[in-house]
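Report on one structure; see the data block that follows.
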There are 2 protein chains.
Amino acid sequence: MTQLDAASPRLGRRRDHSRDPEILNAALEVLAEEGYDGMTVDMVAARAKAGKATLYRRWPSKGELVIDAVVCMKRGDIDLGNLPDTGTLRGDLVAMIKPRTIEESERKLQVMAGLMSAVARSPELAEAINRAIIEPRAEVNRILLRRAIDRGEIAADIDIETLSMITPSMAAYRTLVLKRPVDREFLITMIDNVVLPAVGLRR
Amino acid sequence: MTQLDAASPRLGRRRDHSRDPEILNAALEVLAEEGYDGMTVDMVAARAKAGKATLYRRWPSKGELVIDAVVCMKRGDIDLGNLPDTGTLRGDLVAMIKPRTIEESERKLQVMAGLMSAVARSPELAEAINRAIIEPRAEVNRILLRRAIDRGEIAADIDIETLSMITPSMAAYRTLVLKRPVDREFLITMIDNVVLPAVGLRR
DNA sequence: CGTATCCGAAACTGTTGAGTTCCGTATATA
DNA sequence: TATATACGGAACTCAACAGTTTCGGATACG
């Protein structure tokens, strides 16, 4: 981006944003560990090995930095265009449980825990969290449930909207409130003891 | 309590704690509105029409005050010894939905949202929250499910532990994350579209 | 009525952290 | 090599807040 910016050649090198990822990632780490109010800009700068002034050259305030960090967290988690297709609902749901996904998901929930109290004061932040953390997980379940309906595996009148939120909410509750790990065993239990029975499979 | 404290008559009137409820209640209100870090001791004092010094005469720190407020929040919500007994699981679950209960429950969740980020730094607080907010709700459901098993309404091998947490987690998620109201309609949907199907009733 | 005690209010202290400024250095361009 | 720019780092300002102290007034008790 640096040398391609022909629009203003006079300014020598323009701000290149090349260190944004490190900084935003450092912000997420501190957020997960300390929460929004426990996080200081100095902590983020130190962890990213950047000067505090550098952060303020890019973001006007701590709040904007945090929102940007949450927004940029989306990627790396789930590829919506390449979901498993095993032929059964259970197969699809279980196939979504990968160590990589679990790890990423737990990290997101930790960040969310840290942001919880700040959310009340910033609708913008609430929106960013919903878009980056909540919605993607529910969307996957919606798609898998819809496919199961299409192939006639489950009844067409089940409540997709509600059922697609069971796993995300139970996982959030488990991390935020119960402080217990969202591991493979937990997720399998949710699938076999709640979701599948609720759509009429098994039992 | 004042005049009954015969153990130390020499001290004139002892500290009587008569204003504790107002103060603790003010603390809960501010917590729900501002969160732990947004709450200042001055705010609590002002709302309780008390002097800040009075608060510090009773509690050694802001943290202790908050923990005490959460611990004393228990009462008023649910009477565990007097649960509805309608003869069916659905009847019992629906009978638990009372405006008073909903209101109290939503308030508790607001307080919890405000405490979320502070919880990470204080295991004592986490324990208090679990005892005062989380556990009571799950306990009710456990009892109702166990009774349904005893009367043969549902299978004996259902996962009580998991199923009793569905409504509390979905409610928490809805308040904390989705910022939508936990009303009667929502709770009925949870019962009819998730819990009952999952235990093998209906569908 | 005098005295002891607790109260609310307000002034005060010390610390922490957001946001700013400054400076010496590294780097890219020419 | 000379110049311009952004960088990391550190020192700074300023406001907010936890916790303390002080004081004048209310209230109970003898």
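Any value given below was found using the heavy atoms of this structure, including those in side chains, with hydrogens, waters and symmetry copies removed. Only a predicted model underlies this, so the values are computations on that prediction, with no experimental measurement involved.
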Open item on the list: For a quick test of reading the model: is some side-chain N or O of A/Tyr56 closer than 4.0 Å to OP1 or OP2 of C/dG19?
Closed with: yes
Task: Flag if over 12 foreign heavy atoms under 6.0 Å of CZ, A/Arg146 - done: yes
Task: Spacing of A/Met43 atom CE relative to C/dG17 atom C1', expressed in whole Å - done: 10 Å
Open item on the list: Taking 4.0 Å as the cut-off, does a side-chain nitrogen or oxygen of B/Arg58 come that near to OP1 or OP2 on C/dC7?
Closed with: yes
Open item on the list: Once you apply a heavy-atom cut-off of 4.0 Å, does A/Lys49 come out as touching a base, just sugar-phosphate, or nothing?
Closed with: sugar-phosphate
Task: Check: B/Lys108 side chain, B/Ala132 main-chain N or O, donor-acceptor pair, under 3.5 Å - done: yes
TODO: Decide yes or no on side-chain hydrogen bond (donor to acceptor under 3.5 Å, both in side chains) for A/Ser117 and B/Ser117, but give the supporting numbers first.
DONE: CA-CA 6 Å; A/Ser117 59; B/Ser117 59; 3.0 Å; yes
Task: Separation of D/dA18 C1' from B/Tyr36 OH (nearest whole Å) - done: 10 Å
Open item on the list: Taking NZ in B/Lys49 as the centre, count heavy atoms belonging to other residues, nucleotides or ligands within less than 6.0 Å. Is the count above 12?
Closed with: no
TODO: Find the distance B/Lys52:NZ to C/dC12:P and express it as a whole number of Å.
DONE: 14 Å
TODO: Round to the nearest Å and state the distance from A/Arg19 atom CZ to D/dC7 atom P.
DONE: 9 Å
Open item on the list: Under 3.5 Å, is there a donor on one side chain and an acceptor on the other for A/Asn193 and B/Thr162?
Closed with: no
TODO: Using whole Å, report how far CZ of A/Arg47 lies from P of D/dG9.
DONE: 15 Å
TODO: Could you tell me whether the phosphate oxygens of C/dT5, OP1 or OP2, come under 4.0 Å of any side-chain nitrogen or oxygen in B/Arg57?
DONE: no
- [ ] In whole angstrom, give the distance that lies between atom CD1 of B/Ile23 and atom C1' of C/dG8.
- [x] 11 Å
TODO: Using heavy atoms to find the nearest nucleotide of DNA chain D for A/Ala53 and B/Ser61 separately, return the residue whose nucleotide is more 5′.
DONE: A/Ala53
Open item on the list: I'd like to know if A/Lys62 reaches the base of C/dG17 with its side chain, counting only an N/O donor and acceptor under 3.5 Å.
Closed with: no
TODO: Determine the contact category for B/Met39: base if any of its heavy atoms lies under 4.0 Å from a base atom, sugar-phosphate if only primed atoms, P, OP1 or OP2 are that close, otherwise nothing.
DONE: sugar-phosphate
- [ ] Would you kindly give the CG-to-C1' distance between B/Asp42 and D/dT20, to the nearest whole Å?
- [x] 12 Å
Open item on the list: On DNA chain C, compare the nucleotides closest to B/Thr54 and A/Asp37; which residue's is nearer the 5' end?
Closed with: B/Thr54
Open item on the list: I need the CG-C1' distance between B/Leu65 and D/dC17, as an integer number of Å.
Closed with: 15 Å
